[in-house]
Amino acid sequence: MSNFTIYNTLSRKKEIFEPINPGHVGMYVCGPTVYGEAHLGHSRPAITFDVLFRYLKYLGYKVRYVRNITDVGHLVNDADEGEDKIARKAKVEELEPMEIVQRYTNSYRQNMLQLNVLSPSIEPTASGHMIEQIAVVQKIIDSGFGYEKNGSVYFDVEKYSSVHNYGTLSGRKIEDLYFNTRDLDAQPEKKSGLDFALWKKAAPEHIMRWPSPWGDGFPGWHTECTAMSTKYLGEPFDIHGGGLDLLFPHHEAEIAQGVACFGHEPVRYWMHNNLITINGQKMGKSLGNFIMLDELFTGSHPLLEKAYSPACIRFFILQAHYRSPLDFSNEALQAAEKGLERLFNATALLEGLQPSADSTIDVGALKEKCTLAMNDDLNTPILIAHLFDGVKMINSVSDGKASVNTADLERLKTIYSDFVVGILGLRPEILTGGSADNELLGNVVDLLLNLRIEAKKNKDWATCDKIRNNLTELGFEIKDTKEGFGWTLKK
RNA sequence: GGUCGGUUGGCCGAGUGGCUAGGCAGCGGUCUGCAAAACCGCGUACGGCGGUUCGAAUCCGCCAUCGACCUCCA
């Protein structure tokens with residue numbers, strides 16, 4: 001179908017992507033825990049796998065994209081033992097846990113919409129799949145790799161390791177893990193410190209609880225992803241994505257659970273996006289550099305010099321490869337903002353371009369390069385570099401320094417609508433003289449600029465400058481051209 | 001301490017052995033009534049030290065430094 005390669009964390013190599021069922025792709029990505037507003041860190045996996053989703057569809061695959069919503073908080077790690085993370089927040093705000101869940105789910109979806117992240121095919125909630133999770137736990141017990149103790153169920157890592165390899169995804173060795181495991185409260189209950197929880201008994205103060213064969217409790221963190229991914233995608237399924245921070249223990253545990261349940265690896269391709277740092281530092285609440293997406297869009301955070309549009313954030317993220325670390329700074333964001341404007345201006349200019357008899361630009365090669373970049377493990381920075389080469393072509397044609405024939409012009413338009421809008425998901429946020437969505441405004445601006453042309457003929461520079469300066473103040477960008485004028489307005 | 005991954009020009013960020021990444025900023029030029037935009041041109045970048053090689057940002061070793069993770073937050 002194509003030579004689309006993706007880097008598989010499991011093999012630590014780029015592999016040609018071949019779906020299990022020809023023409024169909026099943027992908028699962030770890031979604032948000034809805035106990036707070038979405039922050040900058042949430043945007044990267046969402047955008048990375050949105051681009052993957054879009055590109056797979058562009059390649060002609062029918063894609064089922066499952067991204068979960070974790071609405072069952074578990075234990076908070078330090079002071080408030082035995083208290084559910086969501087329940088804790090509920091007490092603080094005097095809201096029902098499910099009210100919190102609803103509120104932040106809505107907020108997350110709103111942010112995703114702003115970032116032009118497409119809705120997944122299925123967005124399952126952990127609380128809505130309790131039966132499936134209990135079934136997974138039971139299946140693991142039946143396989144001999146899980147054991148119950150005091151109403152909790154744990155995964156027997158040692159026993160698993162005697163038959164299978166544990167640690168293949170993260171490169172960890174079981175011997176090393178023995179010496180590097182923190183001492184945790186429930187340690188005495190477990191056979192080994194390496195074991196992880198499949199089901200936890202709920203303490204009396206724990207609000208979110210469900211009945212199970214082992215008593216009232218709640219599922220372990222890793223259980224939900226195994227239950228929901230395989231319910232909707234089968235096993236094995238094609239692609240599992242998530243942030244690098246989830247690689248261990250979460251994804252490692254998912255593999256072990258999958259093998260225990262099904263007798264084989266649950267996932268063909270594991271993909272991990274890298275994280276975002278701020279001014280070279282990790283994001284942390286204690287560091288005061290935790291920026292929420294809403295703050296980013298409005299500029300209301302001490303670290304922000306200005307507001308940045310969702311498209312700007314999206315472009316900024318896509319200018320780096322998803323597996324590379326990315327450092328956030330005002331300087332970098334503003335550079336991205338200007339670059340994006342250049343890209344959008346050319347994309348708008350493309351619509352009004354006049355074809356000639358001959359082409360002096362190589363549109364075919366451009367498309368080829370764009371496809372190669374995306375096929376190379378979603379190399380969006382390279383794609384963007386090629387799109388900027390195209391910007392130069394478009395501007396040159398517009399300036400009359402190059403020409404394009406009718407067929408090439410159509411192909412060029414297709415490249416920009418496919419790659420910029422369709423795959424990168426960047427919606428041009430500008431109005432131009434040719435755009436129809438606000439005809440009245442366009443006509444008024446045209447009228448003013450025609451008056452300016454007349455003033456220009458009379459060498460009435462004062463009137464000329466007044467019209468231009470006032471329109472500039474209102475946010476319009478005025479360009480003098482050979483034919484007359486051109487203008488754009490950022491939305 | 002362990003595992004994995006970074007360190008590229010003023011800034012961001014591609015690039016895995018010889019071939020211009022790209023964007024932003026800067027400088028010079030063309031165009032312009034002046035601008036803006038655009039176009040053309042310019043910059044001795046690859047953390048340090050050794051090694052392999054005809055040739056290394058790219059491979060190997062050591063060192064420095066930064067980050068993520070290390071199993072009941074998800």
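All chains are named by letter (A, B, ...) in the order of the sequence lines, taking the proteins before the strands, and each is independently numbered beginning at 1. Just so it is clear, the structure is predicted and the values come from calculations on it, not from any experiment.
- Judged by the 6.0 Å distance and 45° axis criteria, A:Lys392 is not positioned over the aromatic ring of A:Phe388.
- The A:Leu275 side chain lies nearest to B:A68 when the options are B:U71, B:G22, B:A68.
- Counting atom types as modelled, A:Arg172 pairs a side-chain N or O with a base atom of B:C69 as donor and acceptor under 3.5 Å.
- Backbone-only contact: A:Ser170 has heavy atoms under 4.0 Å from sugar-phosphate atoms and none from a base.
- Between A:Lys392 atom NZ and B:A21 atom P the separation is 13 Å, expressed in whole Å.
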Are there any protein N/O atoms within less than 3.5 Å of an N/O atom in nucleotides 5-7 of chain B, and if so, which ones and at what distance?
none

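- Every residue meeting the ring-ring contact (aromatic ring centres under 6.0 Å, His included) condition with A:Phe476, not counting sequence neighbours, appears here in chain and number order: A:Trp487.
- If you look at A:His222 and A:Phe196, their ring centroids are closer than 6.0 Å.
- Counting non-hydrogen atoms under 4.0 angstrom, A:Ala332 reaches the backbone sugars and phosphates but no base.
- Taking the side-chain contact (heavy atoms from CB on, under 4.5 Å) definition, one finds that A:Lys231 meets it with A:His129, A:Glu132, sequence neighbours left out.
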Checklist outcome for this item: In B/S/- notation (B base, S sugar-phosphate only, - none; protein heavy atoms under 4.0 Å), nucleotides 27-37 of chain B written 5' to 3' is ------BBBBS

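- With a 6.0 Å cutoff to the six-membered ring centre and a 45° limit on the axis angle, A:Lys191 counts as a cation-pi contact of A:Tyr147.
- With sequence neighbours excluded, the residues forming a salt bridge (Lys or Arg N to Asp or Glu O under 4.0 Å) with A:Lys14 are A:Asp376, listed by chain and number.
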Item to check | Dot-bracket notation for RNA chain B, counting Watson-Crick and G-U pairs under 3.5 Å, with | for partners on another strand | outcome: (((((((..(((.....[...))).(((((.......)))))....(((((..]....))))))))))))....

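- Spacing between atom OH of A:Tyr166 and atom P of B:G2 amounts to 20 Å, rounded to whole angstrom units.
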